[in-house]
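The basis for the numbers below is simple: all heavy atoms, side chains too, and nothing from hydrogens, waters or symmetry mates.
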Amino acid sequence: MAEAGGSVAALQSAAGCAARCVISMDRVLPYHADELEAQALAGGGSGGGAIRGFMPDQHREFFAMLPYVFAAAADDEGWPHATVLTGEPGFIRSPDAATLDVGALPGPADPLLAGFAVGRPIGLLGIDLATRRRNRVNGFVERTSASGFALAINQSFGNCPKYIQVRSVRRGLAQPGKVEELAVLDADARALIAASDTFFVASRSRDVAEAPGGLDVSHRGGRPGFVGVEGDVLTVPDFSGNRYYNTLGNLLGDPRAGLLFIDFERGDMLQLQGTVEIDWTANPALRGAERSWRFQVRRGWRRRGALGLRWRLVEASPFTLATGLWDADTVSGSTLAR
């Protein structure tokens with residue numbers, strides 16, 4: 001999603017919040033054209049009815065209990081980035097159904113920081129890895145401060161718990177080293193990706209005349225090794241989900257994406273930017289994959305020990321355990337295995 005909505009000026013007006021609430025609470029928001037095309041290419045969508053222009057109370061309460069939230073923003077050239085913001089539970093609050101106040105910003109070394117400016121689009125994913133619950137919102141930055149920002153909500157919707165691995169979280173010590181800029185994937189980056197059972201993808205809807213393109217961030221999960229790595233190309237299986245096709249629809253309109261991989265035990269972050277090509281052809285050799293997409297890495301940033309949280313794997317999702325893995329020797333030929 002992340003295309004519908006009024007102008008940035010309207011979102012910043014004094015009456016903006018009230019107007020958004022009145023307008024959005026009596027209607028369900030439509031999918032944008034690229035999402036509808038993705039649904040058609042995939043053989044059918046969800047039928048709509050799940051995306052609102054406001055947050056129901058249960059979503060507002062959910063965000064307020066989280067100690068972390070995943071975010072998408074864009075750099076000055078429009079490239080999406082994905083990152084994670086952290087704080088004590090309560091660092092996110094919702095003063096009304098169309099606003100989230102977030103008491104955190106990306107760190108000064110995070111390439112995403114410049115995207116958190118007034119009028120810029122932001123996407124947030126609230127996900128509780130301990131319960132597999134997740135909700136998404138997106139909108140525009142309404143105001144900023146030295147310690148956070150307010151997000152004027154354009155869209156709010158829940159997601160199913162499929163492919164979310166259960167993890168417990170605890171406080172750790174953030175000891176970030178220097179930012180390591182990557183022009184290509186090195187051995188450490190490939191090792192992290194190959195070991196990951198979870199990553200996050202930032203995408204954006206293309207700009208249209210009546211609304212600037214918005215940002216979205218989504219979760220992807222599978223068994224360790226579900227992301228195929230060959231050189232600087234990542235191949236990602238697309239498993240059966242809620243049939244919204246928000247991310248794939250965005251990528252049809254704008255193939256640029258930002259990926260975030262986390263070493264949950266060490267607090268390391270690997271942020272990548274690249275372009276996506278979607279393969280709509282189903283290959284039954286990889287259990288659960290209905291299609292796939294290939295991500296060509298253009299640049300990356302690694303920050304070791306950047307996060308002050310640590311997660312411990314408790315159990316894999318039963319949906320994850322029913323999926324297969326790429327054969328590392330045959331990713332380039334789209335041959336799937338196990």
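Between Val201 and the choices Leu259, Leu272, Val276, the side chain to side chain contact (heavy atoms under 4.5 Å, CB included) rule is met once, by Leu259.
Residues Thr131 and Asp128 have side chains that bring a donor and an acceptor to within less than 3.5 angstrom of each other. Side-chain atoms of Asp216 and Gln155 form no donor-acceptor pair, as typed in the model, at a separation below 3.5 Å. Residues Thr235 and Glu230 have side chains that never bring a donor and an acceptor to within less than 3.5 angstrom of each other.
Using modelled atom types, one side-chain atom of Arg190 and one backbone atom of Gly231 make a donor-acceptor pair closer than 3.5 Å. Checked by atom type and distance alone, the side chain of Glu180 never pairs as donor or acceptor with a backbone atom of Arg303 at under 3.5 Å. Formation of a donor-acceptor pair under 3.5 Å by the Gln271 side chain with backbone atoms of Gly258 is not found in this model. Listed for the Ser94 side chain is a donor-acceptor partner under 3.5 Å among the backbone atoms of Thr99. In this structure, Thr320 contributes its side chain and Ala316 its backbone to no donor-acceptor pair below 3.5 Å. Checking side-chain atoms of Arg134 against main-chain N and O of Cys160 turns up a donor-acceptor pair under 3.5 Å. Under the 3.5 Å distance criterion, the side-chain polar atoms of Gln175 are left unmatched by any main-chain donor or acceptor of Gly305.
Take Arg298 and apply the side chain to side chain contact (heavy atoms under 4.5 Å, CB included) test, not counting sequence neighbours, and it matches Trp79, Thr275, Gln296. Not counting sequence neighbours, the partners of Ala189 by the side chain to side chain contact (heavy atoms under 4.5 Å, CB included) test are Leu182, Leu185, Asp186, Leu270, Arg302. For Phe149, the ring-ring contact (aromatic ring centres under 6.0 Å, His included) partners two or more places apart in sequence, or in a different chain, are Phe116.
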| request: Could you check Asp34 against Arg206 for side-chain contact (heavy atoms from CB on, under 4.5 Å), going step by step and ending with a plain yes or no? | output: CA-CA 9 Å; Asp34 292 319; Arg206 56 178 164 170; 2.8 Å; yes
| task | Please report the C-alpha distance between Arg136 and Asn246 in whole Å, then the side-chain angles of each, then the deciding distance to 0.1 Å, and finally whether the side-chain contact (heavy atoms from CB on, under 4.5 Å) criterion is met. | result | CA-CA 11 Å; Arg136 284 152 71 179; Asn246 308 120; 3.6 Å; yes
| task | Check the pair Ser218, Arg220 against side chain to side chain donor-acceptor pair (under 3.5 Å), reporting the backbone distance first and the verdict last. | result | CA-CA 7 Å; Ser218 183; Arg220 290 292 188 272; 3.0 Å; yes
| Worked check of side-chain contact (heavy atoms from CB on, under 4.5 Å) between Phe62 and Arg133 | CA-CA 9 Å; Phe62 173 71; Arg133 185 180 174 191; 3.6 Å; yes
| query | Stepwise, does the side-chain contact (heavy atoms from CB on, under 4.5 Å) test hold for Asp76 with Arg120? | reply | CA-CA 10 Å; Asp76 291 338; Arg120 299 284 285 266; 3.4 Å; yes
| request: Run the numbers on Ser205 and Asn250 for side chain to side chain donor-acceptor pair (under 3.5 Å), then give the verdict. | output: CA-CA 5 Å; Ser205 60; Asn250 285 347; 4.6 Å; no
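Within the structure, ring pair (Phe, Tyr, Trp, His ring centres under 6.0 Å) pairs that include any residue of residues 286-310 comprise His81-Trp301 (at least two apart or interchain).
Hydrophobic clustering (ILVMFWY, side-chain heavy atoms < 4.5 Å, transitive): Leu113 and Val102 are in one cluster. Hydrophobic clustering, with ILVMFWY side chains joined whenever heavy atoms are under 4.5 angstrom apart, keeps Val184 apart from Val229. Under the 4.5 Å side-chain heavy-atom criterion for grouping Ile, Leu, Val, Met, Phe, Trp and Tyr, Phe261 is not connected to Leu313 through any hydrophobic cluster.
Counting heavy atoms from C-beta on, the side chains of Arg256 and Arg204 come closer than 4.5 Å. Taking the side chain as every heavy atom from C-beta outward, Tyr245 and Glu35 never approach each other to under 4.5 Å. Using a 4.5 Å heavy-atom cutoff, the side chains of Asn159 and His219 are not in contact. In this structure, the side chains of Ile278 and Leu252 come closer than 4.5 Å at one or more pairs of heavy atoms. Two residues are said to be in side-chain contact when any heavy atoms from C-beta on lie closer than 4.5 Å; Phe226 and Tyr163 fail this criterion. Looking only at side-chain heavy atoms (C-beta outward), Pro89 and Pro67 come within less than 4.5 Å of each other. Looking at heavy atoms from C-beta onward, Leu100 lies in side-chain contact with Leu124 at the 4.5 angstrom threshold. Two residues are said to be in side-chain contact when any heavy atoms from C-beta on lie closer than 4.5 Å; Ser147 and Leu105 fail this criterion.
In the hydrophobic clustering, Leu173 connects to no other residue, as no ILVMFWY side-chain heavy atoms lie under 4.5 Å from its own. Residue Phe264 is found in a hydrophobic cluster whose other members, listed by chain and number, are Tyr68, Phe70, Val84, Leu125, Ile127, Leu129, Ile164, Val169, Phe200, Val217, Leu260, Ile262, Met269, Leu307, Leu309, Trp311; membership requires side-chain heavy atoms under 4.5 Å apart, directly or through intermediates.
One finds the CG atom of Leu151 at 8.0 Å from the CE atom of Met55 (value rounded to the nearest 0.5 Å). Atom CG of Leu248 is separated from atom OG of Ser203 by 8.5 Å, given to the nearest 0.5 angstrom. Here the CD1 atom belonging to Ile51 is positioned 9.0 Å from the NE2 atom belonging to His32, to the nearest 0.5 angstrom.
Using a 4.0 Å cut-off between charged side-chain N and carboxylate O, Asp101 and Arg93 make a salt bridge. Ion pairing of Asp232 with Arg299 is absent here, as no side-chain N (NZ or NE/NH1/NH2) approaches a carboxylate O to less than 4.0 Å. Ion pairing between a basic and an acidic side chain is recognised when a charged N comes within 4.0 Å of a carboxylate O; Glu315 and Arg167 show no such pairing. For Arg291 and Asp238, the salt-bridge test passes: some basic side-chain N is under 4.0 Å from an acidic carboxylate O. Look at Asp268 and Arg266 and you find no salt bridge, because none of the NZ, NE, NH1 or NH2 atoms lies under 4.0 Å from a carboxylate O.
Arg310 and Gly172 make their closest contact through CG-CA, 4.2 Å (heavy atoms, listed as atom of the first residue, atom of the second, distance). For the pair Arg287 and Ala322, the tightest heavy-atom approach, listed with the atom from each and the gap, is NE-O, 3.3 Å. Nearest heavy-atom pair, Phe91 versus Leu66, reported as atom, atom and distance to 0.1 Å: CE2-O, 3.3 Å. Summarising the geometry of Ala82 relative to Leu112, their closest heavy-atom pair is N-CD1, 4.2 Å, with the distance given to 0.1 Å. Contact detail for Phe63 and Asn135: the closest heavy-atom pair is CZ-O, 3.6 Å. Heavy-atom minimum distance, Gly115 versus Ile122: O-CD1, 3.7 Å.
Phe319 has its ring centre no less than 6.0 Å from the ring centre of Phe239.
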